[in-house]
Structure formats: structure tokens, C-alpha cells
2 protein chains.
Amino acid sequence: MKESLRPRYEARAKILKAMAHPSRLLMIEELQKQERCVNELTEMIGTDTSTVSKHLSVLKNAGLVADDRRANCIYYRLRCPCILDFMGCVEEVLSANAEDHKKMMKSCKK
Amino acid sequence: MKESLRPRYEARAKILKAMAHPSRLLMIEELQKQERCVNELTEMIGTDTSTVSKHLSVLKNAGLVADDRRANCIYYRLRCPCILDFMGCVEEVLSANAEDHKKMMKSCKK
DNA sequence: TGGCTATTTGGCTATATGGCCAAATACGAA
DNA sequence: TTCGTATTTGGCCATATAGCCAAATAGCCA
């Protein structure tokens, strides 16, 4: 790869990687609807608080979420809501995959 | 996480994960322009053929690319071109990050 | 068929990640 | 200041991934 292009692709990959986890996708979706504190997200995900905190730091580190403290909770919110537009296409891929799978099964029966 | 939702998020995460690598992003971008065989991609990326082959199998396994053989090469193509629309938003995040960074630097000087 | 090239697979190592626990920290409120 | 709750961090283990090499496979073409 041309060296000059590498940082660009690495930066993009980092963002995609930050999104590429089931729990983090759930959080992103939730945070698009409304901001949430760590505790609330922990309940939704149903795992250890420390795990959720680490997931959030991945998202924050990628610049996908921002946080601010109010009262004694830290609220997270989605920084670029367009992120969720991704999902339309992701779903398209998934249904294309399902379609293929169906075809394959059919042709196996023959 | 509600058990019924898990498979859905896992499927989505798998697709994002498949995209989340610099070399694979480069390939995806290239394959949107035109189909390419393993050898051509290997040259572009500048790494071992076997590595590229494995990257391609990740993409294929996620349903992002399809391949077919012609003459004695195997040509890969992008299955869902909408995938690249992602990048607009990814870039948006990146420039928001850059903006933040700039602000931070400024406020440090004060 | 047999050779040749393109591609994939297996094996290995180094590195990164997710998850849990325990401990540390941060900060608002009394 | 001190307490108590919310959050983060460090440590550990199990698992996954990238990359390279060597070897196996696949399938065109003479």
C-alpha cells in the first residue's frame, strides 16, 4: 500500500473497529435515541460495569461518543448520528447473504 | 442484552469487523471501481499473497465480496456498493476528531 | 495427461481484545 | 472533610487476528 495512504485507511479502520462489537452497536443505537449514563447502559447490556466502561472508552477514543458529567453520573451521547445510517446498508448485505443461503439450500435439494 | 436481539447485533458486528482493517478497506474501495484478481490486489497492498487471500476470505465470508474464475485467475468484486457510502460518515467523524484536537491544542497554549 | 501459475491452507508467533474480579479513583452531597 | 455512589483502571485468562513461510490444491492450457 502506498505509504501516504496508510494513515488514512488506518484512521478509518479504527472507527469501524470501534463499532464492530455487538454490545457497542447496541449502545450506539441506544445513544442515538437519548443520552445515557454508564449504569443505564450496563443494565441494557447485562454485563459487568467495568466491561461497559471499557466499551465506552473504545467508542470515545474513536470519537464516536462524547460524555459529560451531571449530578453524579456521567452521560454519554452519540457524536455523529449519521453513524447509524450505516446500518441500512449492513442490513442489505445481511439480507443478500440470507438470499444466497436460501438459493444454496434449494440447489442442494435438487 | 435481550437474548432475542443478540444474533442481530452479532451479524451486524461481523460485517463491520470484516471491514475494519486498513488493507481490507483499500480492497473494498478498489473493488468498487472494478473487479480484481488476487494478484492485482496483492500488488496494491504490498504484502504476502497468502495474507491477501485470507483478507479476501474474511470479506467473502461476511458476504461483502463475490468471486468468479475466468481464465486462470479468480476475480473478486464488491457485492453491495452501498458499503462505500459508509465512508462519508466515517470521514465526518474523523474531521470532527481533528477539530476537537485542534481546539484542545489551542486551549493548552493559553 | 502433465506442467505451470494462481490461489488457498496450515502452522507458527506476536499482538490485541473481551470479560470478569478486585481495587482505585472521582466527585457530589451531607 | 468525610461518606457513598458512579466510574475507571489494572490484572489475569481465554480467545481471536495479522502476518509470514512453506506446502498443498485447483484448474487452465499445451
Side-chain angles (χ1 to χ4, degrees), chain A residues 1 3 5-7 9-28 30-31 34-62 64-77, chain B residues 1 3 5-7 9-28 30-31 34-62 64-77:
Chain A
M1 178 175 345
E3 273 321 305
L5 291 177
R6 179 177 300 280
Y9 285 108
E10 276 170 1
R12 291 178 178 186
K14 184 180 167 186
I15 291 185
L16 288 164
K17 204 168 165 187
M19 299 178 68
H21 186 284
S23 303
R24 293 198 292 264
L25 283 177
L26 177 67
M27 293 196 247
I28 287 174
E30 193 53 35
L31 293 179
Q34 60 185 299
E35 54 175 23
R36 294 285 194 182
C37 70
V38 184
N39 241 325
E40 291 173 316
L41 291 168
T42 300
E43 264 184 45
M44 286 175 201
I45 291 173
T47 178
D48 198 86
T49 313
S50 69
T51 301
V52 172
S53 174
K54 280 175 186 170
H55 281 313
L56 284 166
S57 90
V58 170
L59 291 174
K60 190 173 165 184
N61 197 253
L64 291 171
V65 302
D67 63 319
D68 60 312
R69 174 183 284 264
R70 279 200 312 284
N72 58 349
C73 290
I74 298 181
Y75 289 89
Y76 282 82
R77 62 174 186 280
Chain B
M1 179 175 343
E3 272 321 305
L5 290 177
R6 179 176 299 283
Y9 285 106
E10 277 172 358
R12 291 179 178 185
K14 185 181 166 186
I15 291 186
L16 288 164
K17 205 170 165 186
M19 299 178 69
H21 186 284
S23 304
R24 294 199 289 265
L25 284 177
L26 177 67
M27 293 195 247
I28 287 173
E30 192 55 33
L31 293 178
Q34 63 184 297
E35 53 174 25
R36 293 287 193 182
C37 69
V38 183
N39 240 323
E40 290 172 316
L41 292 168
T42 301
E43 264 183 45
M44 287 173 200
I45 291 173
T47 178
D48 197 85
T49 315
S50 68
T51 301
V52 172
S53 173
K54 281 173 187 171
H55 281 314
L56 284 167
S57 90
V58 170
L59 292 175
K60 191 174 164 183
N61 197 254
L64 292 170
V65 301
D67 63 320
D68 61 312
R69 175 181 283 266
R70 278 198 316 280
N72 57 351
C73 289
I74 298 182
Y75 288 89
Y76 282 83
R77 62 174 184 282

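Proteins get letters first, then strands, A, B, ... in listed order; numbering begins at 1 in each. These numbers come from the heavy atoms of this one structure, side chains and all, not from hydrogens, waters or symmetry mates.
At a threshold of 4.5 Å between non-hydrogen side-chain atoms, the residues A:Arg69 and A:Ile74 count as touching. Contact annotation: the side chain of B:Arg6 approaches that of B:Glu3 to within less than 4.5 Å [non-hydrogen atoms, C-beta and beyond]. Within the 4.5 Å cutoff, side-chain heavy atoms of A:Arg36 are placed close to those of A:Met44. Within the 4.5 Å cutoff, no side-chain heavy atoms of B:Ile45 are placed close to those of B:Thr51.
DNA chain C is contacted by both A:His55 and A:Arg69; A:His55 maps to the nucleotide lying nearer its 5′ end (nearest heavy atom per residue). Toward the 5' end of DNA chain C, the nearer of the two residues A:Ser50 and A:Lys17, judged by each one's closest nucleotide, is A:Lys17.
Closest contact between the side chain of A:Asp48 and the listed nucleotides C:dC21, C:dT7, D:dG19 involves C:dC21. Side chain of A:Ser53, nearest nucleotide from D:dT8, C:dT7, D:dC21: D:dT8. For A:Thr47, the listed nucleotide lying nearest its side chain is C:dC20; candidates were D:dA6, D:dC20, C:dC20. Relative to the side chain of A:Cys37, the nucleotides D:dT7, C:dG18, C:dT7 differ in distance, and D:dT7 lies closest. Among D:dC20, C:dC20, D:dT7, the nucleotide with an atom closest to any side-chain atom of A:Cys73 is D:dT7. For A:Asn72, the listed nucleotide lying nearest its side chain is D:dA6; candidates were C:dT9, D:dA6, C:dA6.
In this structure, NZ of A:Lys60 is placed 12 Å from P of D:dT7, rounded to the nearest angstrom. One atom, CD of B:Glu43, and another, C1' of C:dT7, lie 15 Å apart when rounded to the nearest Å. Between B:Leu16 atom CG and D:dA16 atom P the separation is 19 Å, expressed in whole Å. The CG-P distance, from B:Asp68 to D:dC28, rounds to 12 Å in whole Å. As a whole-Å value, the separation of A:Asn61 CG from D:dT9 C1' is 15 Å. Distance NZ (B:Lys14) to P (D:dA16): 13 Å, rounded to an integer number of Å. Here C:dG18 presents its C1' atom at 13 Å from CE of B:Met1, a figure rounded to the nearest Å. The distance from atom CG of A:Leu26 to atom P of C:dG18 is 15 Å, rounded to the nearest whole Å.
The main-chain N or O of B:Val38 is found under 3.5 Å from a side-chain atom of B:Thr42 such that the two form a donor-acceptor pair. Here the side chain of B:Arg24 pairs a donor or acceptor atom with the backbone of B:Ala18 at under 3.5 angstrom.
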When you compare the protein's N or O atoms with those of nucleotides 11-14 of chain D, which come within less than 3.5 Å of each other, and at what distance?
from	atom 1	to	atom 2	distance (Å)
D:dG11	O6	A:Lys54	NZ	2.8

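Checking the phosphate oxygens (OP1, OP2) of C:dG28, no side-chain nitrogen or oxygen of A:Arg70 falls inside 4.0 Å. Contact between the side-chain N/O atoms of A:His21 and the OP1/OP2 oxygens of C:dG19 is found at a separation under 4.0 Å. An OP1 or OP2 oxygen of D:dT7 is reached within less than 4.0 angstrom by no side-chain nitrogen or oxygen of A:Tyr75.
The environment of CD in A:Glu43 is sparse: at most 12 heavy-atom neighbours from other residues, nucleotides or ligands sit within 6.0 Å.
Between B:Val65 and B:Leu56, the closest heavy-atom pair is CG2-O, 4.2 Å. When all heavy atoms are compared, the tightest approach of B:Cys37 to B:Cys73 is CB-CB, 3.9 Å.
One finds a salt bridge joining B:Arg70 and B:Asp68 here, because a Lys/Arg side-chain nitrogen approaches an Asp/Glu carboxylate oxygen to under 4.0 Å.
For the helix from C:dT1-D:dA30 to C:dA30-D:dT1, the end axes, each set by the C1' atoms of five terminal pairs, are bent relative to each other by 30° (nearest 10°).
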